[in-house]
Amino acid sequence: MISSQEFGSKKSVTSRCDFTENLIANGCAEYFESTKSTMNVVKNISLSSKGSSVASSDVTQIMPQKISLNLRPGDPASFQVQVRQIEDYPVDLYYLMDLSLSMKDDLENIRNLGTKLAEEMRKLTSNFRLGFGSFVDKNISPFSYTAPRYKDNPCTG
């Protein structure tokens with residue numbers, strides 16, 4: 001058996017790096033550390049059932065929210081996560097449409113889209129806001145209408 005002062009020194013044939021069983025057999029049980037992988041749930045707020053709270057930051061859709069893992073190389077770790085889709089969760093949708101002539105074929109479909117989209121979204125949530133915007137890449141002929149009536153209201157095309 002080797003004394004703790006000789007263990008790992010250049011005179012010693014016994015290595016500091018060895019299997020746990022060998023270290024214990026060589027009398028080093030009280031002189032080594034063998035850290036274990038750990039998992040700690042840091043934040044675990046219960047899931048929300050409804051999304052229409054005053055502050056949307058109060059809504060919890062996943063738990064646990066924060067986990068701390070300390071892993072040794074090659075050590076597997078597993079943990080369970082619960083997810084719940086909130087009823088009546090607020091949805092804001094902004095639709096941006098290109099009104100240049102290259103999109104002329106699609107313009108009629110887009111005009112009808114707003115109503116249909118709002119109807120479908122109301123089936124999912126009562127807290128829905130829809131916004132529309134438009135742009136024209138090149139506001140010159142032949143890419144867009146250049147007549148004055150179209151410049152005042154490009155949606156009339």
Side-chain angles (χ1 to χ4, degrees), residues 1-100 102-138 143 154-155:
M1 182 142 7
I2 300 171
S3 71
S4 62
Q5 288 84 16
E6 294 175 351
F7 184 73
S9 71
K10 292 181 181 176
K11 299 179 199 174
S12 172
V13 293
T14 307
S15 171
R16 286 179 167 264
C17 299
D18 207 341
F19 294 108
T20 304
E21 302 82 29
N22 295 342
L23 292 171
I24 293 170
N26 286 324
C28 301
E30 62 187 86
Y31 299 106
F32 75 91
E33 290 183 22
S34 179
T35 58
K36 305 263 187 232
S37 295
T38 60
M39 181 190 73
N40 184 29
V41 176
V42 178
K43 187 175 181 184
N44 196 23
I45 299 172
S46 297
L47 297 172
S48 302
S49 59
K50 205 107 164 105
S52 291
S53 68
V54 176
S56 60
S57 62
D58 295 340
V59 175
T60 304
Q61 297 188 75
I62 187 169
M63 71 181 275
Q65 293 79 39
K66 188 172 185 179
I67 297 174
S68 172
L69 290 172
N70 290 314
L71 296 176
R72 289 185 53 105
D75 237 359
S78 63
F79 54 89
Q80 290 190 351
V81 175
Q82 292 181 356
V83 178
R84 179 185 298 158
Q85 183 176 350
I86 302 301
E87 295 176 27
D88 209 27
Y89 195 74
V91 176
D92 293 339
L93 180 63
Y94 187 79
Y95 193 88
L96 184 61
M97 176 65 189
D98 179 358
L99 293 180
S100 61
S102 62
M103 298 300 291
K104 183 179 179 186
D105 299 343
D106 300 313
L107 191 55
E108 190 58 38
N109 291 333
I110 298 305
R111 286 181 179 154
N112 298 324
L113 177 67
T115 305
K116 291 178 184 175
L117 189 57
E119 289 170 0
E120 291 300 314
M121 290 304 295
R122 292 276 178 231
K123 294 176 185 176
L124 302 175
T125 181
S126 66
N127 195 349
F128 175 65
R129 295 187 305 176
L130 178 63
F132 282 95
S134 64
F135 70 95
V136 177
D137 275 340
K138 298 176 184 170
F143 303 106
C155 296

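Given the structure is predicted, the values throughout are model-derived calculations rather than measurements. In this chain, numbering begins with 1 at the start of the sequence shown.
- Within 6.0 Å of CZ in F79 there are 12 or fewer heavy atoms belonging to other residues, nucleotides or ligands.
- If you take CD1 on I67 and CG on N40, they are separated by 9.5 Å, rounding to the nearest 0.5 Å.
- Note that CG of L71 is 10.0 Å distant from CE of M39, once rounded to the nearest 0.5 Å.
- Evaluation of the salt bridge (charged side-chain N to carboxylate O under 4.0 Å, His left out) test over residues 62-78, restricted to residues two or more places apart or in two chains, returns none.
- Residue N44 comes nearest to P64 through the heavy atom pair OD1-CA, 3.3 Å, listed as atom of the first residue, atom of the second, then distance.
- Among residues two or more places apart in sequence or in another chain, the side-chain contact (heavy atoms from CB on, under 4.5 Å) test is passed with Y95 by M97, I110, L113, F132.
- With sequence neighbours excluded, the residues satisfying side-chain contact (heavy atoms from CB on, under 4.5 Å) with Q65 are K43, I45, T60, M63.
- By the 4.5 Å heavy-atom criterion applied to side chains, L130 and M121 are not counted as neighbours.
- Atoms CG and CZ, on N127 and R122 in that order, are 8.5 Å from each other to the nearest 0.5 Å.
- Residues L124 and V91 fail the side-chain proximity criterion, which asks for heavy atoms closer than 4.5 Å.
- At a threshold of 4.0 Å, the pair K123-E120 counts as salt-bridged, since one of the basic side-chain nitrogens sits closer than that to a carboxylate oxygen.
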